[in-house]
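Counting starts at 1 for both ligands and their atoms, in listed order. Start at 1 with the first residue, then count along the sequence.
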Amino acid sequence: MTQKERYEAAKEVYAAAGVDVDAAIAALKEIPVSLHCWQGDDVTGFDHDGPLTGGIQTTGDYPGKAKTPEQLMQDMDVALKLMPGKKKLNLHASYAIFEDGEYVDRDQIEPKHFAKWVAFAKERNMGIDFNPTFFSHDKVKDGLTLSSPDEETRKFWIEHGKACVRISEYFARETGVTCVMNIWTGDGYKDIPADRMGPRMRYKDSIEQILSEPFDKNLVKPCVESKVFGIGVESYTAGSAEFTLTFAATHEGCLPLMDNGHYHPTEVVSDKIPALLCFFPEIALHITRPVRWDSDHVVLYDDETREIAKEIVRNNALGRVYMALDYFDASINRISAWTVGFRSWQKALLNALCTPNGQFKKLQEENRMTELMVLQEDIKTFPLGDVWEEYCRQCGVAADRSWFETVRKYEEEVLLKR
Ligand code: RNT
Ligand code: ZN
């Protein structure tokens, strides 16, 4: 059978179950997914020489890591061409590009330090999301930034946040696409603190000060990301789930951001999405793969990834959920890591779009749970691969693993020579 014939056959199988796969493909093409620049250089950035801090860790020393903005952009370009779908660029403030020996500290950064990124994004028709970088910097004092009891430290990081609000608005104006600006800090304590509320009160005040910077709420969507713990910060995290969720709920225009590596291992973000959608007009996600802890492994087409996608799609929330990938594996080819993760999430979305959600919901409402189980199991072996193949064909990328040959060649010709 030709690819076209396989697709036509698959279409019939799905149509019999009430699913329009043409519509699924058309819908998937319009869903923006944010691709994180930091997979390309192990979260190093360009504005400092020090180590990665903040309780996050990359492991591995696979050759070929990008060391300059040019290399990072070149690598990302290779990956982008291997992925189907609509992409957005996700940047961290530490990826500011200083030219001609100029350097300013993070409280002083300006739109011009990201002009090259804007050009890169515009040429590729991408919007940009942004993240202030509250880690890997000598002004992180005793592991604290926005919750620091040292007023000078706290002020510095508040100014950094405000600078990032201005840069986020610049991104949105330049690209014509809303910029999601995510606030995450690793602030916390390794061992049992004596005061758990004080740091949170300071954190709250700091975020309020950052958000007092004037900005257009249609152009910039500030988020707060929670976390349960980080390496070396095992006993207490200022930005806990309750803290960030309540902050977002009580501050208009601020979104909660859930990273599925940031909860206790038996909690699932797929179940939290519909809970939050009952209350928030919009939410944001960091899609990652935690292995026993917040390990940030490459996203795969696994059960929970599929469930997360399903919750977004079947609640008609594609326009209400901002999706960003967030992982960093330094032990494998970084371009492959980008590509596998992005393609996996695309597959999960396609799978969700090819599910007879209305029919399943009806069975649940009629308490026909036996049938629901049968049908949910049945659809698992539907020919999604043939629909994926057609989607990739329409997007001009390989549907199968043959894309890896491009990566292998690039590794041989470019990465290994660095
Ligand atoms: C860390 C958070 C945060 C970072 C990025 C680099 O645990 O997930 O989102 O991964 O900002
Ligand atoms: Zn995250």
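Here the options are E102, E174, E99, the test is salt bridge (charged side-chain N to carboxylate O under 4.0 Å, His left out), and the partner is K112; only E102 passes. Here the rule is side chain to side chain donor-acceptor pair (under 3.5 Å) with D129, and of H36, K221, K88 only K88 fits it.
Ligand 1 has no N or O atom lying under 3.5 Å from any N or O atom of N131, backbone or side chain. For D294, a nitrogen or oxygen atom sits less than 3.5 Å from a nitrogen or oxygen atom of ligand 1, counting backbone and side chain alike.
The Zn ion (ligand 2) has E225 OE2, D259 OD2, H286 ND1, D326 OD2 as protein N, O or S atoms under 2.8 Å away.
For the pair K347 and W388, the cation-pi criterion (under 6.0 Å, within 45° of the ring axis) is fulfilled. For the pair R289 and Y327, the cation does not sit on the ring face, since its NZ or CZ is not both under 6.0 Å from the ring centre and inside 45° of the axis.
Classification of the Y203-F243 ring pair by plane angle, with boundaries at 30° and 60°, yields parallel.
Looking only at heavy atoms of the protein, atom 4 (C) of ligand 1 is closest to D326 OD2, 3.6 Å. In this structure, atom 7 (O) of ligand 1 lies nearest to the protein heavy atom K227 NZ, 2.7 Å. Scanning the protein heavy atoms around atom 9 (O) of ligand 1, the nearest turns out to be E225 OE1, 2.7 Å.
Residues that satisfy the salt bridge (charged side-chain N to carboxylate O under 4.0 Å, His left out) test with D205, not counting sequence neighbours, are R154.
Ligand-side atoms of ligand 1 in range of D259: 8 (O), range being under 4.0 angstrom from any heavy atom. Of all the atoms in ligand 1, the ones that sit under 4.0 Å from a non-hydrogen atom of H286 are 9 (O). Residue H262 has at least one heavy-atom neighbour below 4.0 Å for each of these atoms of ligand 1: 1 (C), 2 (C), 7 (O), 8 (O). Each of the atoms 1 (C), 7 (O) of ligand 1 lies under 4.0 Å from some heavy atom of I56.
The residue T288 has no part lying near ligand 1, judged by heavy-atom distances below 4.0 Å. The proximity of H92 to ligand 1, defined as any non-hydrogen pair under 4.0 Å, is limited to the side chain.
Looking at heavy atoms from C-beta onward, R200 lies out of side-chain contact with K204 at the 4.5 angstrom threshold. In this structure the side chain of C354 reaches within 4.5 angstrom of the side chain of Y14, judged on heavy atoms.
Between H92 and W184, the gap from one ring centroid to the other reaches at least 6.0 Å.
Residue F328 places a heavy atom under 4.0 Å from ligand 1.
Side-chain N or O atoms of S148 include one that pairs as donor or acceptor with a backbone N or O of D150 at under 3.5 Å.
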